[in-house]
2 protein chains.
Amino acid sequence: MAKKSVTSAGEKPKPYHHGNLVEALIAATVELIEERGVEQLSVREVAKRAGVSPGAPFRHFRSKTALLTAVAEQAMDRLTASVARAVSDVDNADPAAAFEAIGHGYLEWALANPTHFQIISSRTLIDFEASSSLLDQNRAIRETMVELLTQAQHQGRLASDVDLEQLVLAARAFVYGLARMAIDGHFPEWHPSEPPAIAVRRALCLFMSQMIVPPKRDLAEPEKPL
Amino acid sequence: MAKKSVTSAGEKPKPYHHGNLVEALIAATVELIEERGVEQLSVREVAKRAGVSPGAPFRHFRSKTALLTAVAEQAMDRLTASVARAVSDVDNADPAAAFEAIGHGYLEWALANPTHFQIISSRTLIDFEASSSLLDQNRAIRETMVELLTQAQHQGRLASDVDLEQLVLAARAFVYGLARMAIDGHFPEWHPSEPPAIAVRRALCLFMSQMIVPPKRDLAEPEKPL
DNA sequence: CTATGGTGTAATCACTGATTACATGCGAGA
DNA sequence: TCTCGCATGTAATCAGTGATTACACCATAG
């Protein structure tokens, strides 16, 4: 931004060094993907939008995949933040509610940022395994889910014989499926009148009420599950 | 195959006209995607594998997208067949079992044919809206699901106040999420010892037992269904 | 004021999807 | 049977892509 130009003429400074090309490239990448989709993305256009030569990005990112991985890392930070925010809004003493909040925070962010979500969830566009940031945050969320379910189980809100990891997998699959259906365009065929966000939210509530917190009447009886 | 060659020399016939280029191209496309992934697919290599010039495919498919759409249509036929087969294997009088069978048939096929599934579910690689075949079969499956749940509800196996379309959406999201997690590579991070197919199957059973068919533990029926 | 090294440029490579003009030969109509 | 139309495949070509390289630029340390 504020660079002192030594160019003789008083015209546009246009410094040789961009100043902060890395972030500018990431921002330009996100913009272009949102405008034209991931498939149409080219590094050349990213460079052009950042006002830089076609080869410049490769000075900072070894490959197109590396650039997209950087975008994914930034996106994952925001996703984690959205999840954390949603969790912090519910009662700390209610692990089941916190568990549901994870889903809501996840879906809310995914629907609001379909582009970023698409990049995160794809394992072909980015080099997922090479990014410790992505791996760590992903694992952290899963571990939190298991912990919350464990607490819920101790509170008697879950059957004692249910496999928590299995339940976490199911919940992840469900939320992931909802998000991907929305992103992949499987919702227009559904109900044009109802926006995906509402349908998704209702579906999640239905899932939670049936799956995570069984109705009290079931627990009232002497537990003889199957 | 059996083409009469009029070539003077007795060498390789190599007829000018391929005979059945369309299907050969589709087959070659599938092969290449399975070998190197969808991102790496190029029409040139498809043509090369079919033993034809780089421009030949464009005589039959307007674009790369059109070629992939043709692959998707063939794939959807097989998916529908897999679902129908799974449904036909269960008791006709048990709509809940048939409903679950749809999920099993869907997941079985998706895990066995990740490439095809990836193409079908993507709405950017193919021109989904332009293919009446894809639209019709997709809609048919959804309608069948609603019908089965309606029957199950009449049998008292479902709460009478539950929104069936909402439940179908949830089930679709769940199955879709499981399939995509497997295809997108979200399972290696889980349990390397357990193959995805088993984890997926268990998850689906868990989902069905909790969600679709509330356990009727109070009913002591002499018959043991499966 | 120089030289060192990080940053961006320009030229280039192999490859892609796509289009066009042209070559080929199968099969229908005489 | 012969011929010719036309579907089918070829060759040449285009613009655009990811990626690499040699080189130009410039901020700053000494």
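What you are looking at is a predicted structure, and each value in this text was computed from that prediction instead of being measured.
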Novice: Starting from the first five and the last five pairs of the helix from C:dC1-D:dG30 to C:dA30-D:dT1, work out the angle between the resulting helix axes, to 10 degrees.
Specialist: 10°
Novice: May I have all residue pairs that pass side chain to side chain donor-acceptor pair (under 3.5 Å) and include part of residues 64-75 of chain A, sequence neighbours excluded?
Specialist: A:Glu73-A:Ser131
Novice: Sequence neighbours left out, what passes salt bridge (charged side-chain N to carboxylate O under 4.0 Å, His left out) with A:Asp127? Give chain and number order.
Specialist: none
Novice: Enumerate the residue pairs fulfilling side chain to side chain donor-acceptor pair (under 3.5 Å) with a member in residues 27-42 of chain A, sequence neighbours excluded, ordered by first and then second residue.
Specialist: A:Glu31-A:Arg49, A:Glu35-A:Arg49, A:Arg36-A:Glu45, A:Glu39-B:Thr124
Novice: More than 12 non-hydrogen atoms from neighbouring residues, nucleotides or ligands closer than 6.0 Å to CD on A:Glu143, yes or no?
Specialist: yes
Novice: Starting at atom NZ of B:Lys48, determine the distance to atom P of D:dG9, rounded to an integer number of angstrom.
Specialist: 19 Å
Novice: Less than 6.0 Å separating the ring centroids of B:Phe117 and B:Tyr106?
Specialist: yes
Novice: If the condition is salt bridge (charged side-chain N to carboxylate O under 4.0 Å, His left out), which residues does A:Arg85 pass it with, not counting sequence neighbours?
Specialist: none
Novice: Let me know the distance between CD of B:Glu39 and P of C:dG17, rounded to the nearest Å.
Specialist: 13 Å
Novice: Quick check: do B:Leu169 and A:Phe187 have side-chain heavy atoms less than 4.5 Å from each other?
Specialist: yes
Novice: Tell me whether the OP1 or OP2 atom of C:dT16 has a side-chain N or O from B:Ser42 closer than 4.0 Å.
Specialist: yes
Novice: Counting just side-chain N and O atoms, does A:His60 come under 4.0 Å of either OP1 or OP2 of C:dG8?
Specialist: yes
Novice: Report, one pair per line, the protein and nucleotides 19-22 of chain D atoms (nitrogen or oxygen only) whose separation is under 3.5 Å.
Specialist:
unit_1	atom_1	unit_2	atom_2	d
D:dA19	OP2	A:Lys64	N	2.6
D:dA22	N6	A:Arg59	NH2	3.3

Novice: Looking only at side-chain atoms of B:Leu21, point me to the closest of C:dG8, D:dG9, C:dT16.
Specialist: D:dG9
